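Notes follow once the structure below has been shown.
Since this is a predicted model, take the numbers as computed values, not measurements.
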Amino acid sequence: DEYWMYSRFFGIGSVSLMEDAGVEMSADDVYPVMEDFMGSLGKSHFTACSDSDTYFKIKGKLDMMETMMKEIEIREKKRMAERLEEKAEAAIRKAERDAEMAKEVAAEEAEKVES
């Protein structure tokens, strides 16, 4: 079609479709496929290859961010577990002190009753 115009979204979408179709996904492997695909459309492949580079850069950054967010989530869960453990230990110590205090109060009352 003479009125069709290539856009970056078309190029990135093409790479995404190739990924869904199971084409080997690395920048070097996608170049020949993009050249053939754009050649069959009668368009230049340079822009499409540039857009595939953009796709792989953005995808790499997103993968790194996902990994970083998982690490942060794991770290926060560990901190929360430590805080809960400290609270549980404090509650156990308080219960032990209360039990000792109750024994002492009972012993004092027994002494008062005897005297």
Practice item. Decide yes or no on side-chain contact (heavy atoms from CB on, under 4.5 Å) for K43 and M38, but give the supporting numbers first. Key: CA-CA 5 Å; K43 303 292 180 183; M38 293 307 289; 3.7 Å; yes
Practice item. Could you check V30 against F56 for side-chain contact (heavy atoms from CB on, under 4.5 Å), going step by step and ending with a plain yes or no? Key: CA-CA 10 Å; V30 170; F56 287 114; 3.6 Å; yes
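Taking OG1 of T47 as the reference point, atom CE of M34 lies at 9.5 Å (rounded to 0.5 Å).
Between the side chain of S52 and the backbone N or O of C49, at least one donor-acceptor pair lies under 3.5 Å.
No single ILVMFWY cluster, assembled from side-chain heavy atoms under 4.5 Å apart, contains both F37 and Y31.
A salt bridge links R79 with E76: the distance from a Lys NZ or Arg NE/NH1/NH2 to an Asp or Glu carboxylate oxygen falls below 4.0 Å.
Pairs engaging residues 82-92 under the salt bridge (Lys or Arg N to Asp or Glu O under 4.0 Å) rule: none recorded [sequence neighbours left out]. Residue pairs meeting the salt bridge (Lys or Arg N to Asp or Glu O under 4.0 Å) criterion with at least one partner in residues 45-68, sequence neighbours excluded, are R8-D51, E19-K59, E66-K70.
Taking Ile, Leu, Val, Met, Phe, Trp and Tyr as members and joining any whose side-chain heavy atoms lie under 4.5 Å apart, directly or through other members, the hydrophobic cluster of L62 also contains I58.
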With a cut-off of 3.5 Å and sequence neighbours excluded, list every side-chain donor-acceptor pair involving residues 91-108.
unit_1: K94; atom_1: NZ; unit_2: D98; atom_2: OD2; d: 3.2

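With sequence neighbours excluded, no residue forms a side chain to side chain contact (heavy atoms under 4.5 Å, CB included) with E111. Not counting sequence neighbours, the partners of S7 by the side chain to side chain contact (heavy atoms under 4.5 Å, CB included) test are F9, F10.
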